[in-house]
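As structure tokens, the structure follows; a few thoughts come after it.
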Amino acid sequence: MLSAGAGYVNFYINVPEFGRATLEAVVRGGEGYGRTPGQEGGERVIVEHTSVNPIHPIHIGGARNAIIGDCLARILKASGADVMRHFYIDDVGLQVAQASLGFSKAGGIRQDLKIDHFVGFVYAVTSCAINLKSLKREVERLKAEGKDQEAVDKIREVDDWVAAAADLRSRDEKTFDAVFGAVSGLEDPEGEIARLLQRYEAREEEAVGLIRGLCERTISGFRETLKRAGVFFDSWDWESEVASWNGGAKEAVERLEATEFVRVEEGTMLLDCEAVIEKFGLREKYAIRTEVPPLILRRSDGTTLYTTRDIAYTLWKFGRAERIINVISIEQKLPQLQLKLALHALGRPDLAERLVHFSYELVHLPGYKMSGRRGRYVAFDDVLDEAVARAYQEVSSKSPHLSEAERQRIAELVGIGAVRYAMVSVASHKPLTFTWDRVLNFERNSAPFIQYAHARSCNILAKAGESWRGTQAEYSALSSAYEKALIVSLSTFPERVSDAAKSLKPEDVAAYANDLASTFNLFYDNVPVLKTEDARAKAARLALVDATRIVLANALAMLGIEAPSRM
RNA sequence: GGGUUCGUGGCGCAGACUGGACAGCGCGGCGGCCUCCUAAGUCGUAGGUCGGGGGUUCGAAUCCCCCCGAACCCGCCA
């Protein structure tokens, strides 16, 4: 039936029939409802995400990346794609060499601190020592040249690093003194780091042992954190292996060198991005309104830079998938564009077309700016701990009848669910300001709200037993507005999932789950299920509850959030 | 300085690409609902010049231009 008004067409649905069809489809589909089964020869997609530098623990910004990337992968998989999740380990960067140098001076590791946190500390101390040394030299030079005002500005920077150093020292004097003293005592720490990196790229045994040793340790910490957060990878790609030692970066540079777009200036090799844009008419395609600076492919000392190695890595990934989605923060917008331009320069516009930079905004902290180099960040581990602790308080006060073990189990999945939901539900192009109260809320518009609706549905079903399943359901009994709304919501789930996958908007699944939970709560408060007199009407309502339970669980699964049956 | 993105009630968000039914939701405020399937729920109420100003349109939070504010980028870092 149709009716029109104010330029809109309203549809009315044959509820009993539609209800029957929807509920049967949900129950028949079970865990698969809302999912498109993967097919032989389906699109292979690599989602590269997290890829935190192995020099400090994953902080709250990396957590946003990990959670968005993980949800994206889950949703794409649900829509039928053959998804592989990759973590790119940037072990060929300057920062890793720097952390490794400091680590070699630390005089052993601390057993009482998670290893990636210890590495982060050592890296920050090393970075302080190096920055202070070079800034002080700069100040001397400026003073000698009579540039007093510039010297004053530099002194201000020195003060900032001195403050960072004092803060670090207060955390662990022994390690600080060992690392800071040793690094400051080096005649030319920056040169030493550059040489270490060169030796690593040349795959010299000692350098490999040092850098790999550090990376392996840090990554073992990452794995622990990520596992707890429900984030998993199919592949851990060492930059050294997929871009450097395998000759990939060298080959990419050579191939680019053979094109008309590369030139050498003062020993550095540059890709003329503007020339690429002009040649292939890409200005409009990529909405480029300003001059794109040249991409430096090779340093004057012969080593490669991150984006150069990323070209090689991208080609490597395209050997394994048709589409690549890189979850990388908005800060790297320009290098990601330059990466595409490099593909064009190599004569592979088809690859550029299927390379997606899924960018997300940074996580801010009220009051200060995070800085790995200064050792200032909120670690993902600490966020998870705090979330679970708060959830435990909540569970204990709301469900004191549950056993201690069960309260702990529920606290874990509620706390972590809350963090995941908070991270994925905000559109990724919006900056996120981190505050505990905001991220760890357990009310509506949060994972616990959805989990609670799920637990309620489970509870009704648990009390109903199994006998109703043998009863012929009378779907015409589902006549209230609450029931109709619920049926409509359930029926739209598969479409919502495929839309979210197409538009790469995991937050849409989060919003759907919240809406469904809300719709179910209205039903719950207004329609008594177990008290329904007529057995066939009761069976229909129980089928509706069962279907809701299934869809809530499936939606939560796509967000990597567990669905408890009690809480 | 140039570019990109964002600016929606006290706070946090959705809606914007594909312009249309009173701009939705949560937190916080105020006032209700547990002899009834878990109140992490729910109902009611107050609170909005959709940053500001022009324009396009029958119609603009949504499209265009200008301005203001914030974030990010413009490195032989990643």
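Being a predicted model, the structure only gives us computed values, none of them experimental. In what follows, chains are A, B, ... by sequence order, proteins preceding strands, each numbered from 1.
Salt-bridge annotation for A/K250 and A/E254: present, with a side-chain N of the basic residue lying under 4.0 Å from a carboxylate O of the acidic one. In summary, A/K317 and A/D237 do not engage in a salt bridge, as defined by a charged side-chain N under 4.0 Å from a carboxylate O.
Under the salt bridge (charged side-chain N to carboxylate O under 4.0 Å, His left out) criterion, the residue pairs touching residues 406-419 of chain A are A/R228-A/E412, A/E404-A/R407, A/E406-A/R409, A/E406-A/R566, with sequence neighbours excluded. Sorted by first and then second residue, the ring-ring contact (aromatic ring centres under 6.0 Å, His included) pairs involving residues 495-543 of chain A (not counting sequence neighbours) are A/F493-A/Y512, A/F520-A/F523.
No hydrogens or angles considered: nothing links the side chains of A/D437 and A/T435 as a donor-acceptor pair under 3.5 Å. A/S244 and A/E201 are linked by a side-chain donor-acceptor pair at a separation below 3.5 angstrom, with hydrogens and angles left out of the test. Side-chain contact of A/E239 with A/Y313: a donor-acceptor pair under 3.5 Å is absent, judged by distance alone. A/Y200 and A/D91 share a donor-acceptor pair across their side chains, judged by distance under 3.5 Å alone.
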What are the atom names and distances for every N/O pair under 3.5 Å that joins the protein to nucleotides 72-78 of chain B?
{"unit_1": "B/C72", "atom_1": "OP1", "unit_2": "A/K369", "atom_2": "NZ", "d": "3.1"}
{"unit_1": "B/C73", "atom_1": "OP1", "unit_2": "A/E331", "atom_2": "OE2", "d": "3.2"}
{"unit_1": "B/C76", "atom_1": "O2", "unit_2": "A/S300", "atom_2": "N", "d": "2.9"}
{"unit_1": "B/C76", "atom_1": "O2", "unit_2": "A/S300", "atom_2": "OG", "d": "3.1"}
{"unit_1": "B/C76", "atom_1": "N3", "unit_2": "A/S300", "atom_2": "OG", "d": "2.6"}
{"unit_1": "B/C77", "atom_1": "OP2", "unit_2": "A/R299", "atom_2": "NE", "d": "2.4"}
{"unit_1": "B/C77", "atom_1": "OP2", "unit_2": "A/R299", "atom_2": "NH2", "d": "2.4"}
{"unit_1": "B/C77", "atom_1": "O2'", "unit_2": "A/Q95", "atom_2": "OE1", "d": "2.8"}
{"unit_1": "B/C77", "atom_1": "O2'", "unit_2": "A/Q95", "atom_2": "NE2", "d": "2.7"}
{"unit_1": "B/A78", "atom_1": "OP1", "unit_2": "A/R309", "atom_2": "NH2", "d": "3.4"}
{"unit_1": "B/A78", "atom_1": "OP2", "unit_2": "A/Y306", "atom_2": "N", "d": "3.1"}
{"unit_1": "B/A78", "atom_1": "O3'", "unit_2": "A/D90", "atom_2": "OD2", "d": "2.2"}

Between protein and nucleic acid, restricted to nucleotides 11-14 of chain B and to nitrogen or oxygen atoms under 3.5 Å apart, what atom pairs and distances do you find?
{"unit_1": "B/A14", "atom_1": "OP1", "unit_2": "A/A427", "atom_2": "N", "d": "3.2"}
{"unit_1": "B/A14", "atom_1": "OP2", "unit_2": "A/K430", "atom_2": "NZ", "d": "2.8"}

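Between the C1' atom of B/A71 and the CG atom of A/L365 lies a distance of 14 Å, rounded to the nearest Å. As rounded to whole Å, 16 Å separates atom C1' of B/A40 from atom CZ of A/R407. To the nearest angstrom, P of B/U5 lies 14 Å from NE2 of A/H357. The separation between A/D437 atom CG and B/G26 atom P is 19 Å, rounded to whole Å. Atom-to-atom, CD1 of A/I460 to P of B/G41 comes out at 16 Å; the value is rounded to the nearest Å. If you take CD1 of A/I277 and C1' of B/G3, they are 13 Å apart, rounded to a whole angstrom. Distance, A/Y452 OH to B/C37 P: 11 Å, rounded to whole Å. Rounded to a whole Å, the OH atom of A/Y524 is 10 Å from the P atom of B/A40.
The side-chain heavy atoms of A/R541 and A/W468, taken from C-beta on, include no pair separated by under 4.5 Å. The closest side-chain heavy-atom distance from A/P294 to A/D272 is not below 4.5 Å. Within the 4.5 Å cutoff, side-chain heavy atoms of A/W436 are placed close to those of A/V383.
With both ends at atom P, the span from B/U57 to B/G19 equals 16 Å, rounded to whole Å. Between B/C58 and B/C66, the distance separating the two P atoms is 24 Å to the nearest Å. A distance of about 12 Å separates the C1' atoms of B/U8 and B/C25, rounded to the whole Å. Comparing the C1' positions of B/G29 and B/G47 gives a spacing of 9 Å, expressed to the nearest Å. Going from the C1' atom of B/G7 to that of B/G52 covers 11 Å, rounded to whole Å. On the C1' atoms, B/G28 is 11 Å away from B/G12, given to the nearest whole Å. Between B/C64 and B/C17, the two C1' atoms lie 15 Å apart (nearest whole Å). Only the C1' atoms considered, B/C6 is 33 Å distant from B/U45, to the nearest whole Å.
A/K505 pairs by the side chain to side chain donor-acceptor pair (under 3.5 Å) definition with nothing, not counting sequence neighbours.
Pairing of B/C36, defined by two Watson-Crick or G-U wobble distances under 3.5 Å, is not identified with any nucleotide. The partner of B/U57, taking Watson-Crick or G-U wobble pairs whose two distances both stay under 3.5 Å, does not exist in any strand shown. In this structure, B/G44 and B/C30 make a Watson-Crick or G-U wobble pair, each of the two defining distances being under 3.5 angstrom. Base pairing annotation: B/C76 forms no Watson-Crick or G-U wobble pair, as no partner gives both donor-acceptor distances under 3.5 Å.
Cation-pi check for A/R212 over A/W238 is met; the charged atom lies under 6.0 angstrom from the ring centroid and within 45 degrees of its normal.
Within 4.0 Å (heavy atoms only), A/T308 reaches no atom of the nucleic acid at all. Heavy atoms of A/V395 sit under 4.0 angstrom from at least one base atom. Among the atoms of the strands shown, none is found under 4.0 Å from any heavy atom of A/I288. At the heavy-atom level, A/V414 lies under 4.0 Å from base atoms of the strands shown. Residue A/K538 is classed as having no contact, given no heavy-atom separation below 4.0 Å to the nucleic acid.
In this structure, A/N521 does not reach the B/G41 phosphate: none of its side-chain N or O atoms is under 4.0 Å from OP1 or OP2.
Taking the O4'-C1'-N9-C4 or O4'-C1'-N1-C2 dihedral as appropriate, B/C34 has a value within 90° of 0 and is therefore syn.
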Take A/R496 and A/T492 through the test side chain to side chain donor-acceptor pair (under 3.5 Å) and record every step on the way to the result.
CA-CA 6 Å; A/R496 294 291 290 270; A/T492 61; 4.9 Å; no
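Near-neighbour residues of RNA chain B inside residues 398-405 of chain A, defined by a heavy atom below 4.0 Å, number-ordered: A/K398.
Residue whose closest nucleotide on RNA chain B sits further toward the 5' end, between A/A287 and A/A453: A/A287.
You'll find that the side chain of A/R456 is closest to B/G41, out of B/G2, B/G41, B/C37.
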